[in-house]
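One structure is given below, encoded as structure tokens.
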Amino acid sequence: FVQANLDYRSYFPIRYSGFAPTENGTEQLGLALRGYTGTQLGTVPFYQYLSLGGAERLRGYAEGRFRDRSFLGLGFEVRKDLTLPAEWQVPWPLQAAYFVDAGKVYGSWLGFTFDDLHASQGLGLRILLNPETVVRIDYAFGEDEQALYLAFGQAI
């Protein structure tokens, strides 16, 4: 079988009079966006189907909860740098996040509609160990389940 995926991510600092860059030059508030899609052609074994759910795609649902030969997902995340009291002696910068994810799996592009779109939202904490290493703790809830995730790297 053949599989094709497309994943687009972008980050935008948000600036207005109430927020200014922190001492280390990073923005205090930012918006991260992600859109992704994929499809499979040919004879695909069920265990190889594309899936939504888990820490990376459609947080708030069990890993691989939704499976089929095509998927579409969207997400946004608002991140806020946290300024903690110096006496707490936190060794790494921290960020709080609010996120919304939405997605759908389907059999083929010809049958795609926005019906049965699954959505979730949640809150997260980002521990920025260095610019390339992020520890992510997310609590997300979907329509009928919820999940807590500990992962490395940004989801969006």
Side-chain angles (χ1 to χ4, degrees), residues 1-14 22 24 26-41 44-84 88 90-109 111-156:
F1 70 92
V2 176
Q3 177 175 314
N5 292 326
L6 179 63
D7 192 327
Y8 175 79
R9 300 170 193 230
S10 193
Y11 180 81
F12 304 95
I14 299 173
T22 59
N24 65 5
T26 63
E27 295 297 326
Q28 289 186 333
L29 193 63
L31 175 66
L33 301 172
R34 180 182 185 194
Y36 53 90
T37 187
T39 192
Q40 297 170 321
L41 302 171
V44 183
F46 179 76
Y47 61 88
Q48 291 285 327
Y49 277 11
L50 298 169
S51 66
L52 293 177
E56 302 302 321
R57 294 185 183 140
L58 199 57
R59 293 167 282 185
Y61 295 95
E63 183 77 35
R65 166 139 181 222
F66 305 106
R67 302 177 77 82
D68 212 327
R69 295 168 44 118
S70 298
F71 67 22
L72 174 70
L74 305 166
F76 80 86
E77 192 169 280
V78 177
R79 298 181 192 146
K80 167 83 172 79
D81 291 341
L82 297 177
T83 304
L84 301 175
W88 289 14
V90 177
W92 303 289
L94 300 176
Q95 289 180 331
Y98 169 74
F99 57 87
V100 173
D101 292 338
K104 177 180 179 171
V105 297
Y106 47 94
S108 79
W109 279 102
F112 177 79
T113 67
F114 283 102
D115 296 339
D116 301 322
L117 189 70
H118 304 286
S120 64
Q121 63 180 326
L123 298 172
L125 178 68
R126 309 293 182 257
I127 304 167
L128 309 170
L129 301 179
N130 64 49
E132 303 299 320
T133 307
V134 177
V135 176
R136 178 169 43 98
I137 303 166
D138 287 333
Y139 172 72
F141 53 96
E143 295 138 355
D144 58 357
E145 63 182 290
Q146 50 194 313
L148 179 66
Y149 303 100
L150 174 63
F152 290 94
Q154 300 286 11
I156 295 180

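Worth saying up front: this structure is predicted, and the values here are computed from it rather than measured. Values reported hereafter were calculated over all heavy atoms of this structure, with side chains retained and with hydrogens, waters and symmetry mates removed.
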pair [X]-[Y]: side-chain heavy atoms closer than 4.5 Å:
X: F76; Y: L31; result: yes
X: D101; Y: I156; result: yes
X: D144; Y: Y61; result: yes
X: L129; Y: V135; result: yes
X: Q95; Y: E77; result: no
X: E145; Y: R65; result: yes
X: R67; Y: V105; result: no
X: Q154; Y: R34; result: no

Using 30° and 60° as the class boundaries, would you call the ring planes of F66 and H118 parallel, tilted or perpendicular? parallel
Rounded to the nearest 0.5 Å, how far does [atom2] of [Y] lie from [atom1] of [X]?
X: L50; Y: R57; atom1: CG; atom2: CZ; value: 7.0 Å
X: L82; Y: Q28; atom1: CG; atom2: CD; value: 10.0 Å
X: L117; Y: L74; atom1: CG; atom2: CG; value: 7.5 Å
X: R69; Y: Q48; atom1: CZ; atom2: CD; value: 12.5 Å
X: L41; Y: S108; atom1: CG; atom2: OG; value: 9.5 Å
X: Y36; Y: L72; atom1: OH; atom2: CG; value: 8.0 Å

For the student: nearest non-hydrogen atoms of [X] and [Y], plus distance:
X: S120; Y: L58; result: OG-CD1, 4.0 Å
X: L52; Y: G103; result: CD1-C, 3.6 Å
X: A32; Y: R79; result: CB-NH2, 3.6 Å
X: N5; Y: T39; result: OD1-N, 4.3 Å

So that I can tick it off, tell me whether R126 and D138 are bridged by a salt bridge, with the cut-off set at under 4.0 angstrom between side-chain N and carboxylate O. yes
Residues K80, Y98; criterion side chain to side chain contact (heavy atoms under 4.5 Å, CB included); working and verdict: CA-CA 9 Å; K80 167 83 172 79; Y98 169 74; over 6 Å; no
With respect to K104, which candidate in D115, D116, T113 satisfies the side chain to side chain donor-acceptor pair (under 3.5 Å) definition?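 Single pass found, and it is T113.
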State whether the side chain of R136 and the backbone N or O of A55 hold a donor-acceptor pair below 3.5 Å, judged by distance alone. yes
May I ask you to decide if E132's main-chain N or O and N130's side chain share a donor-acceptor pair within less than 3.5 Å?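 Answer holds: yes.
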Heavy-atom neighbours of F1 CZ exceed 12 at 6.0 Å: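 Yes, CZ of F1 has more than 12 neighbouring heavy atoms, counting only those of other groups under 6.0 Å.
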Geometric cation-pi criterion, R59 with F99: 6.0 Å, 45°: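 Judged by the rule (NZ or CZ under 6.0 Å from the ring centre, within 45° of its axis), R59 counts as positioned above F99.
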Check each of Y49, F71, F112 against Y106 using the ring pair (Phe, Tyr, Trp, His ring centres under 6.0 Å) test, and report the only one that passes.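 Between Y106 and the candidates, ring pair (Phe, Tyr, Trp, His ring centres under 6.0 Å) is satisfied uniquely by F112.
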